[in-house]
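Notes follow the structure.
Each ligand, and each atom within it, is numbered from 1 in the order the structure gives.
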Amino acid sequence: MKENFFTLRTVMWDEGRVKMIDQTLLPGRFVYRSFARWEEVADAIRRLVVRGAPAIGVAAAMGIATAAVNSKATTRAQLQLELERAASGLRATRPTAVNLFWGIDRVMAVASRSKDVEGAREAVVQEVLKMADEDVEACKRLGRFGADLVEDGDTVITQCNAGALATVGYGTALGVIRAASEQGKCVKVIVPETRPALQGSRLTAFELSADGFSCTIVSDTAVGSMMQSGKVDLAIVGADRVTKDGYVFNKIGTYQVAVLAKRHEIPFYPAAPTSSFDLKRTHDQVTIEERPADEVVKIRGRRIAPKGVPVANPAFDMTPPELVTAIVTDQGIIKSPVQDNISTVIR
Ligand code: MRU
């Protein structure tokens with residue numbers, strides 16, 4: 001079967017289980033896996049089986065729904081304890097994408113409003129179904145706003161994977177590209193490989209080529225050269241968290257794309273749904289996830305660097321607002337200076 005990422009869903013609720021594409025196997029194998037317990041969902045989030053900020057937000061919420069469905073609690077208080085245990089286990093998986101916490105908080109708030117066990121179970125399941133649908137709709141709205149920034153014939157550079165695979169469906173940065181294409185514009189995409197986990201070459205290139213987009217993989221070290229030689233018209237990336245002071249946290253490497261874009265007078269647009277905005281925190285209050293050293297010094301299990309040398313593996317970086325041309329959201333475009341204009345768009 002040929003995948004079509006315009007319509008496909010990455011994360012689904014399937015009769016009491018969370019069904020997700022196993023992204024660790026891409027591009028070699030396209031496999032859905034089902035997870036029946038919140039502990040399995042937490043493990044899947046940690047291992048990048050499911051990844052991308054909006055996708056992990058909905059997956060975590062569905063993890064809590066599995067706890068609700070599997071619970072043998074007979075009292076509301078018992079159920080609450082079990083849900084809180086699941087929530088704290090899921091919260092501990094990955095610290096940077098705010099969507100994870102947004103998803104968990106939203107479903108916990110719904111549960112707490114129900115007076116009896118059965119009502120809470122039903123309310124939680126209904127909420128996660130709604131969240132999944134809303135995520136796809138938000139991406140499509142965001143895509144339509146962003147498509148106005150893209151001209152026919154443009155070449156876009158992105159970073160990581162902010163596509164259907166990073167959301168429930170359709171994508172954020174790639175959602176803009178999809179929407180531009182749906183308007184009849186021809187868009188080419190430059191895909192930095194995004195070391196060390198290779199979300200660019202493994203996932204973005206897979207998703208775009210499956211949908212018939214013209215895309216070129218480059219090494220992360222080629223980004224400056226591509227811009228210098230005039231091959232890039234604009235940069236569109238995703239976001240794991242946008243803080244109230246306008247800083248954009250996204251996959252490691254995004255900051256260097258933004259700095260180089262400024263140097264070459266190329267517009268730099270993060271694309272993020274409302275669930276990626278953290279209007280409570282400033283940039284200095286965000287934890288950047290540090291991932292295992294093996295991701296950097298091993299490729300497919302084989303060591304490629306000397307033993308004993310210290311390794312740093314920050315999974316995300318932070319782009320300051322002065323490098324951001326505008327942020328594309330599902331509620332409209334936040335123009336520069338973004339730190340002053342967030343509150344006029346995001347409600
Ligand atoms: O570590 P990952 O693969 O979860 O990181 C994903 C990213 O950084 C994406 O660019 C971001 O989540 C935006 S996704 C719509």
Side-chain angles (χ1 to χ4, degrees), residues 5 10-11 20-24 26 44-60 93-103 135-136 138-143 146 156-179 189 191-208 220 235-242 248-258 268-278 286-292 295-296 313-319 327-330:
F5 288 96
T10 301
V11 181
M20 306 189 279
I21 298 169
D22 185 343
Q23 300 191 34
T24 64
L26 292 173
I45 293 172
R46 217 175 274 115
R47 289 192 303 110
L48 311 185
V49 169
V50 61
R51 35 66 49 204
I56 64 174
V58 174
T93 52
R94 299 192 72 190
T96 308
V98 73
N99 313 59
L100 181 87
F101 307 95
W102 165 89
D135 184 59
V136 179
C139 287
K140 289 188 173 165
R141 263 197 316 277
L142 175 162
V156 177
I157 194 162
T158 188
Q159 176 71 1
C160 190
N161 172 268
L165 287 164
T167 59
V168 175
Y170 202 77
T172 57
L174 299 195
V176 173
I177 292 166
R178 256 180 239 296
V189 189
V191 182
E193 57 182 347
T194 315
R195 282 271 296 147
L198 302 174
Q199 289 93 334
S201 52
R202 287 194 308 109
L203 308 178
T204 297
F206 177 69
E207 176 176 337
L208 287 176
D220 299 325
I236 311 179
V237 300
D240 289 83
R241 188 185 299 237
V242 182
V248 177
F249 290 77
N250 193 48
K251 178 53 54 192
I252 193 76
T254 302
Y255 174 55
Q256 65 206 29
V257 173
F268 176 83
Y269 300 116
T274 302
S275 58
S276 301
F277 282 78
D278 181 354
V286 178
T287 304
I288 292 200
E289 177 183 8
E290 183 70 24
R291 292 202 50 94
E295 286 184 354
V296 177
N313 186 14
F316 299 95
D317 61 25
M318 176 181 89
T319 298
I327 305 178
V328 183
T329 83
D330 55 315

> I327 pairs by side-chain contact (heavy atoms from CB on, under 4.5 Å) with which of Y269, F277, F268?
Replying inline: F277
>> Quick test: of every protein heavy atom, which one is nearest to atom 11 (C) of ligand 1, and how far off is it to 0.1 Å?
In response: D240 OD1, 3.1 Å
> In terms of residue, atom name and distance, what is the protein heavy atom nearest to atom 15 (C) of ligand 1?
Replying inline: T172 OG1, 3.0 Å
>> Measuring from non-hydrogen atoms of R94 to any atom of ligand 1, is the shortest distance under 4.0 Å?
In response: yes
> Taking the non-hydrogen atoms of N161, is any one of them nearer than 4.0 angstrom to ligand 1?
Replying inline: yes
>> Under a 4.0 angstrom heavy-atom cut-off, which atoms of ligand 1 come close to A239?
In response: 13 (C)
> Closest non-hydrogen protein atom to atom 9 (C) of ligand 1, residue and atom name please, with distance?
Replying inline: N250 OD1, 3.4 Å
> Under the side-chain contact (heavy atoms from CB on, under 4.5 Å) test, which residues partner D240, sequence neighbours left out?
Replying inline: A53, A97, N250, F316
> If every non-hydrogen atom of T158 is compared with every non-hydrogen atom of V237, which pair is closest and at what distance?
Replying inline: OG1-CA, 4.1 Å
> Heavy-atom contacts under 4.0 Å between A173 and ligand 1: side chain, backbone, both, or neither?
Replying inline: neither
> Looking at atom 14 (S) of ligand 1, what's its closest protein heavy atom, distance included?
Replying inline: A166 CB, 3.5 Å
> After noting the C-alpha distance and the side-chain angles of R291 and E289, does the key distance pass the salt bridge (Lys or Arg N to Asp or Glu O under 4.0 Å) rule?
Replying inline: CA-CA 6 Å; R291 292 202 50 94; E289 177 183 8; 2.8 Å; yes
> What part of I56, side chain from CB on, backbone N/CA/C/O, both or neither, has a heavy atom under 4.0 Å from ligand 1?
Replying inline: neither
> Can a non-hydrogen atom of G52 be found less than 4.0 Å from any atom of ligand 1?
Replying inline: yes
> Among all residues two or more places apart in sequence or in another chain, which pass the ring pair (Phe, Tyr, Trp, His ring centres under 6.0 Å) test with Y255?
Replying inline: none
> Going by the order shown, which atoms of ligand 1 are within less than 4.0 Å of some heavy atom of A162?
Replying inline: 14 (S), 15 (C)
>> Test of understanding: given a 4.0 Å heavy-atom threshold, classify the contact between K251 and ligand 1 as side chain, backbone, both, or neither.
In response: both
